[in-house]
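FYI, the numbering just counts along the sequence from 1.
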Amino acid sequence: DTPYFNFNYVIEQAILENHPFILPVLTCEAGLYLFPVLRDSAYFCPPALVKNRIVKALHEAGNRPFFLVTFFSSTHFPYAPPYPYYKLFRSPHYKGPYKYYKQRVISLDNKASGDDSVSRDDIDQIRSLYDAGIRAMDDSVGEVLDYLKQSGKENNTIVIVLSDHGENLYEHHFGMGHGEHFRGSAAVKIPFIIHFPKMFQEKTEINQIVRHVDVMPTVLDILGIPIPEICEGKSLLPAIIHGKDLNLKAYGETGIWFDNVVRDDLFFQKQRILYPDITNLSEIDFHFDNQIVLSDEYRDLINLAKHRYMIDGRYKIIYMPLSNRIDYELYDLLKDPQELENIASLRPDVLNRMKRHLFQWITRNGESAIINEYAFPVLRY
């Protein structure tokens with residue numbers, strides 16, 4: 001049960017979102033029945049709505065096995081937590097433009113304000129909205145766990161809480177957003193919580209590298225199901241139960257940059273291969289239900305331009321391709337956990353070792369080839 005992302009759907013949602021004074025009326029049960037597109041609006045994301053659908057699905061499952069994946073978006077941009085959560089952590093004296101969510105502020109000359117126009121009070125307010133979104137989600141997850149306990153399913157249900165990415169909220173010079181760059185830990189450090197009282201009675205904290213690709217093999221291991229050899233992740237049970245150091249390396253890459261505005265204060269816009277913004281990257285597939293899709297002509301360029309990173313536990317390498325060279329950054333996470341000092345030129349031995357690991361991972365499945373250190377997509381015919 002996922003959002004439907006065709007052109008008609010997006011236009012209907014945009015029309016409704018541009019009438020903010022009637023949104024409170026429409027976001028009731030009857031309004032959501034008449035305008036279901038609002039359920040997937042970034043400006044209307046109450047976790048209780050998701051929680052109710054989870055509980056309904058659990059109830060309908062009865063005593064049958066079930067597998068449920070759900071997504072809460074209250075912590076996602078534009079950080080629009082519902083009432084009364086948005087009031088919990090904010091300053092009562094805040095009078096700026098981000099009282100309810102972090103929108104783009106348009107001035108009278110029709111120019112959008114950049115990060116340089118955000119004040120200290122604005123930053124505190126934006127962070128308070130993010131915290132409120134986390135609190136709202138926490139409460140809903142707690143109610144799901146309460147339902148599992150009351151229905152007698154808790155001891156026979158594996159619950160995993162995690163995120164797809166973290167968020168930069170103006171730490172140091174890192175700006176705001178997720179995935180635009182890999183400096184700092186905010187965008188790549190996420191919660192990863194496993195709740196299964198039948199196997200894990202005591203709270204245990206794993207202080208080592210774990211990854212998204214480890215979720216599936218860990219669940220299979222808990223269930224006693226053989227892990228396929230093609231699986232790229234590792235079961236975390238040896239670390240959870242026996243405290244074993246798994247010596248894992250974490251890898252990540254950027255997705256699509258939605259804009260190409262080069263501003264002096266956004267270093268990650270200057271250190272990249274530029275391509276058109278999202279309005280020129282995408283097209284409407286009129287032969288497939290008006291779906292909005294990525295234009296084929298930009299697909300390989302987007303893959304080539306990706307920033308990539310790898311962490312081995314102590315060191316972190318960041319790979320940034322430009323039109324005429326590859327820029328690398330290297331950070332010693334033990335000595336510099338905030339990642340403020342790039343030591344790539346000071347430790348060429350570590351840099352070269354990390355580059356080898358990074359390139360091995362990029363080329364592991366034959367979908368990319370490293371040519372002059374550029375990661376080119378392998379052409380398929």
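Minimum heavy-atom separation, Gly179 to Thr254: O-CG2, 3.0 Å. When all heavy atoms of Asn303 and Pro377 are compared, the closest pair comes out as CB-CG, 3.6 Å. Glu339 and Ser185 make their closest contact through OE2-N, 3.8 Å (heavy atoms, listed as atom of the first residue, atom of the second, distance). Smallest separation of non-hydrogen atoms from Leu220 and Pro228: CD1-CD, 3.8 Å. Taking both residues in full, the closest heavy atoms of Gly255 and Ile302 are given as O-CG2, 4.1 Å, listed atom of the first, atom of the second, then distance. Nearest heavy atom pair, residue Pro46 against residue Pro82, reads CA-CG, 4.0 Å.
Counting only N and O atoms by type, the side chains of Ser119 and Asp122 include a donor and acceptor under 3.5 Å apart. Checked by atom type, the side-chain pair Ser41/Glu17 shows a donor-acceptor distance below 3.5 Å.
Ring orientation note: the planes of Phe71 and His76 are nearly perpendicular, at an angle over 60° on the 30°/60° scale. Classification of the Tyr319-Phe359 ring pair by plane angle, with boundaries at 30° and 60°, yields perpendicular. The aromatic rings of Phe376 and Tyr374 sit tilted, their planes meeting at an angle between 30° and 60°.
Arg183 forms a cation-pi arrangement with Phe267, by the criterion of a distance under 6.0 Å to the ring centre and an angle within 45° of the ring axis. Annotation: cation-pi geometry not satisfied between Arg325 and Tyr328 (NZ/CZ under 6.0 angstrom from ring centroid, within 45° of ring axis).
Annotation for Lys51: atom NZ counts as buried by contact number, over 12 foreign heavy atoms lying within 6.0 Å. Asn207 CG: 12 or fewer foreign heavy atoms inside a 6.0 Å radius. Counting heavy atoms of neighbouring residues, nucleotides and ligands inside a 6.0 Å radius, atom CZ of Arg39 exceeds 12 of them. Residue Asp164 qualifies as enclosed at atom CG: its count of foreign heavy atoms under 6.0 Å is above 12. Open room surrounds CG on Asn63; 12 or fewer heavy atoms of other groups in view lie less than 6.0 Å from it. The number of heavy-atom neighbours closer than 6.0 Å to CZ of Phe89, taken from other residues, nucleotides and ligands shown, is above 12. Enclosure of atom CZ in Arg364 by more than 12 non-hydrogen atoms of other residues, nucleotides or ligands within 6.0 angstrom is indicated.
Note on Phe200 and Val144: separate hydrophobic clusters, where clusters join Ile, Leu, Val, Met, Phe, Trp and Tyr whose side-chain heavy atoms are under 4.5 Å apart, directly or indirectly.
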Next on the checklist: Between Met320 and Ile326, is the side chain to side chain contact (heavy atoms under 4.5 Å, CB included) condition met? List the steps.
Outcome noted: CA-CA 6 Å; Met320 297 174 291; Ile326 307 292; over 6 Å; no
Checklist entry - Passes side chain to side chain contact (heavy atoms under 4.5 Å, CB included), Ile160 versus Ile193? Steps please. => result CA-CA 6 Å; Ile160 297 179; Ile193 303 166; over 6 Å; no
Next on the checklist: Under the criterion side chain to side chain contact (heavy atoms under 4.5 Å, CB included), I'd like the reasoning laid out for Tyr9 against Asp40: C-alpha separation, chi angles, the key distance, then a yes or no.
Outcome noted: CA-CA 10 Å; Tyr9 189 104; Asp40 303 312; 2.4 Å; yes
Item to check | side chain to side chain contact (heavy atoms under 4.5 Å, CB included) evaluation trace for Leu169 with Ile123 | outcome: CA-CA 8 Å; Leu169 295 173; Ile123 291 174; over 6 Å; no
Checklist entry - Please walk me through it: do Asp259 and Gln269 pass side-chain hydrogen bond (donor to acceptor under 3.5 Å, both in side chains)? => result CA-CA 9 Å; Asp259 68 71; Gln269 289 285 24; 2.6 Å; yes
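We find the NZ-CG distance between Lys249 and Leu358 to be 11.5 Å, quoted to the nearest 0.5 Å. Between atom OG1 of residue Thr218 and atom CG of residue Leu223 there is a gap of 11.0 Å, rounded to the nearest 0.5 Å. Ile230 contributes atom CD1, which lies 12.5 Å from atom CD1 of Ile227 (distance to the nearest 0.5 angstrom). Once rounded to the nearest 0.5 Å, the distance linking CD1 of Ile225 with CE of Met216 reads 10.5 Å. Taking CD1 of Ile206 as the reference point, atom CG of Leu236 lies at 7.5 Å (rounded to 0.5 Å). How far CD1 of Ile311 is from NZ of Lys189: 10.0 Å, rounded to the nearest 0.5 Å.
Judged by distance alone, the side chain of Asp336 and the main-chain N or O of Asp332 form no donor-acceptor pair under 3.5 Å. Without hydrogens or angle criteria, Arg64 side chain to Ala61 main chain gives a donor-acceptor distance under 3.5 Å. Here the side chain of Asn168 pairs no donor or acceptor atom with the backbone of Tyr170 at under 3.5 angstrom. Within the 3.5 Å criterion, the main-chain N or O of Gly62 finds a donor-acceptor partner in the side chain of Lys153. A donor-acceptor pair under 3.5 Å is formed between the side chain of Gln208 and the backbone N or O of Leu246. Without hydrogens or angle criteria, Gln201 side chain to Pro197 main chain gives a donor-acceptor distance under 3.5 Å. Panel note: side chain Gln13, backbone Val37; a donor-acceptor pair is recorded below 3.5 Å. Between the side chain of Asn342 and the backbone N or O of Leu330, at least one donor-acceptor pair lies under 3.5 Å. Distance alone, capped at 3.5 Å, places no donor-acceptor pair between the Asp289 side chain and the Gln291 backbone. A side-chain donor-acceptor contact under 3.5 Å links Gln125 to the backbone of Tyr98.
In this structure the side chain of Val55 never reaches within 4.5 angstrom of the side chain of Glu143, judged on heavy atoms. Between Ile343 and Glu329, the closest side-chain pair of non-hydrogen atoms is not below 4.5 Å. When side chains are defined from C-beta on, Leu340 counts as touching His172, because their heavy atoms get closer than 4.5 Å. The shortest side-chain heavy-atom distance between Tyr331 and Glu341 does not fall under the 4.5 Å cut-off. Annotation: side chain of Leu294 is not in contact with side chain of Glu283 (no heavy-atom distance under 4.5 Å). Side-chain contact check for Val141 versus Met137: some heavy-atom pair is nearer than 4.5 Å. Looking at Phe44 and Leu26, their side chains never come closer than 4.5 Å, going by heavy atoms from C-beta outward. Under the 4.5 Å side-chain criterion, counting only non-hydrogen atoms from C-beta, Phe77 is in contact with Met176.
Between Asp131 and Arg135 there is no salt bridge, since no side-chain nitrogen of the basic residue lies less than 4.0 Å from a carboxylate oxygen of the acidic one. A salt bridge links Arg211 with Asp214: the distance from a Lys NZ or Arg NE/NH1/NH2 to an Asp or Glu carboxylate oxygen falls below 4.0 Å. By the 4.0 Å N-to-carboxylate-O rule, Lys198 lies too far from Glu154 to be salt-bridged with it.
The distance between the ring centers of Trp257 and His181 does not fall below 6.0 angstrom. A centroid separation of 6.0 Å or more is found between the aromatic rings of Phe182 and His307. Between Tyr85 and Tyr83, the ring center distance fails the sub-6.0 Å criterion.
Considering Tyr86, Tyr94, Tyr43, Tyr79 as possible partners of Tyr100, the one that fulfils the ring-ring contact (aromatic ring centres under 6.0 Å, His included) test is Tyr86.
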